[in-house]
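Take a look at the structure set out below.
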Amino acid sequence: FVIGTTEITQEFFERVTGNNPASLDVNNCSRVGNKSAPNPKEPVYCVNWYEALEFANLLSEQNGYEPCYTILTKNAVWKSDCDGYRLPTESEWEIAAAQSSIAQAWTINNSEGRTHDVAQFSPNPYGLYDMLGNVWEWTWDGYGPYPKELTKDPKGTDLSGYRVMRGGTWAKGEDKARISDRANFHPAFRMDVTGFRLVRTLRGRDLNSTSPASNQRNAWNCPVSRTV
């Protein structure tokens, strides 16, 4: 799969959708910090799980890919054979976060109570920035116990009312920025400590030089990195 080298920034979110949710007031977004004006180079925040899916669908449409999600009133359906942009699964996120260092993360110890511009620390071995710290990242998975049996790329439970977030945040300590740590939140709620990054599954046409995926950087209009 292909994954964004950074979390989706406020600048990029606004370019795609025409709005910046980081400007929402406390009546529409739970805030624990970020009292200053929105910053285009910071990760987008105050975006709920459904809005992350909507963004992924819109970006897919704008770049000629098949949208991955049918969004319902209290859930969503993922068309797993789609070629569009989507949220990573927990297991995909863990693969991408491998060997990321907490020493290269914005946590409560160094953040001064706010979000920071993306890519201020060194990347992990995959070339990915801020896999730990800065903002929690939504994943597709419903929150629940891991499967007891050996499962390839589990997708989480469909019965959970909460969705998994990974990576930690500027408002929490280093213990919450461990690669193994799991957080969860209601998918309809917004917080100023939660954002997201997107992935795409590589399909057969990605090997075709005439497809939109032939130049991932230009098709997405933001840097990407391939991981296995």
Side-chain angles (χ1 to χ4, degrees), residues 1-24 28-29 38 40-93 96 118 128-130 135-142 153 155-156 158 163-166 187-190 194-227:
F1 59 92
V2 176
I3 185 169
T5 58
T6 70
E7 294 145 339
I8 296 297
T9 63
Q10 296 175 33
E11 178 180 50
F12 187 60
F13 191 98
E14 187 167 10
R15 186 160 78 236
V16 172
T17 67
N19 69 88
N20 182 358
S23 63
L24 292 173
N28 294 289
C29 176
K41 302 300 183 184
E42 292 179 1
V44 69
Y45 51 81
C46 290
V47 55
N48 67 32
W49 184 79
Y50 293 108
E51 291 162 341
L53 303 190
E54 291 170 354
F55 178 89
N57 277 353
L58 181 57
L59 186 62
S60 297
E61 292 171 349
Q62 290 180 358
N63 286 287
Y65 298 119
E66 178 187 13
C68 289
Y69 301 116
T70 300
I71 301 171
L72 309 173
T73 303
K74 294 184 178 181
N75 206 339
V77 177
W78 170 16
K79 189 176 185 296
S80 59
D81 62 350
C82 67
D83 66 353
Y85 300 106
R86 58 180 177 80
L87 292 178
T89 64
E90 270 200 275
S91 56
E92 287 173 331
W93 186 93
V118 300
L128 308 178
Y129 296 89
D130 303 311
V135 293
W136 266 313
E137 299 182 13
W138 287 114
T139 71
W140 166 257
D141 295 44
D153 194 13
K155 304 300 190 296
D158 288 332
R163 292 287 166 170
V164 174
M165 308 179 300
R166 300 298 294 266
F189 292 169
R190 304 184 185 102
T194 304
F196 65 101
R197 76 177 73 212
L198 296 180
V199 304
R200 275 191 65 245
T201 302
L202 295 175
R203 304 294 183 188
R205 74 166 182 156
D206 292 320
L207 303 178
N208 183 345
S209 62
T210 62
S211 76
S214 63
N215 187 330
Q216 290 292 339
R217 183 177 297 273
N218 290 339
W220 199 338
N221 293 321
C222 71
V224 299
S225 175
R226 295 179 187 270
T227 64

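It should be emphasised that the depicted structure is a prediction, and the values quoted were computed from it without experimental measurement.
Under the 4.5 Å side-chain criterion, counting only non-hydrogen atoms from C-beta, Ile3 is in contact with Val199. When side chains are defined from C-beta on, Thr194 does not count as touching Phe189, because their heavy atoms never get closer than 4.5 Å. Counting only heavy atoms from C-beta outward, the side chains of Gln62 and Val16 approach each other to under 4.5 Å. By the 4.5 Å heavy-atom criterion applied to side chains, Asp81 and Lys79 are counted as neighbours. In this structure, Tyr85 and Asn63 have side chains that are in contact, with non-hydrogen atoms separated by less than 4.5 Å.
Below 30°, between 30° and 60°, or above 60°: for Trp140 and Tyr69 the angle between ring planes is below 30°, a parallel geometry.
Arg86 contributes atom CZ, which lies 10.5 Å from atom OG of Ser60 (distance to the nearest 0.5 angstrom). Taking CZ of Phe196 as the start and OH of Tyr45 as the end, the distance is 14.5 Å to the nearest 0.5 Å. Between the CD atom in Glu137 and the CH2 atom in Trp93 there is a gap of 6.5 Å [rounded to 0.5 Å]. Here the OG1-CG distance, from Thr201 to Asp83, works out to 9.0 Å after rounding to the nearest 0.5 Å. Rounded to the nearest 0.5 Å, atoms CZ (Phe13) and CG (Leu58) are 9.0 Å apart. Taking CH2 of Trp49 as the start and CG of Asn75 as the end, the distance is 5.5 Å to the nearest 0.5 Å.
Checking side-chain atoms of Trp78 against main-chain N and O of Leu87 turns up no donor-acceptor pair under 3.5 Å. The backbone N or O of Glu14 sits nowhere less than 3.5 Å from a side-chain atom of Asn19 that would complete a donor-acceptor pair.
For the side-chain hydrogen bond (donor to acceptor under 3.5 Å, both in side chains) test, residues two or more places apart in sequence or in another chain that qualify with Asn20 are Gln10. Checked against side-chain hydrogen bond (donor to acceptor under 3.5 Å, both in side chains), Thr70 has no partners two or more places apart in sequence or in another chain.
Each of Asp130, Thr5, Val118 was checked for a side chain to side chain contact (heavy atoms under 4.5 Å, CB included) with Arg197, and the lone residue meeting it is Asp130.
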Verdict with reasoning, Val47 to Ile8, per side-chain contact (heavy atoms from CB on, under 4.5 Å): CA-CA 11 Å; Val47 55; Ile8 296 297; over 6 Å; no
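Counting only residues at least two apart or on different chains, the salt bridge (charged side-chain N to carboxylate O under 4.0 Å, His left out) pairs with a member in residues 50-65 are Glu51-Arg190.
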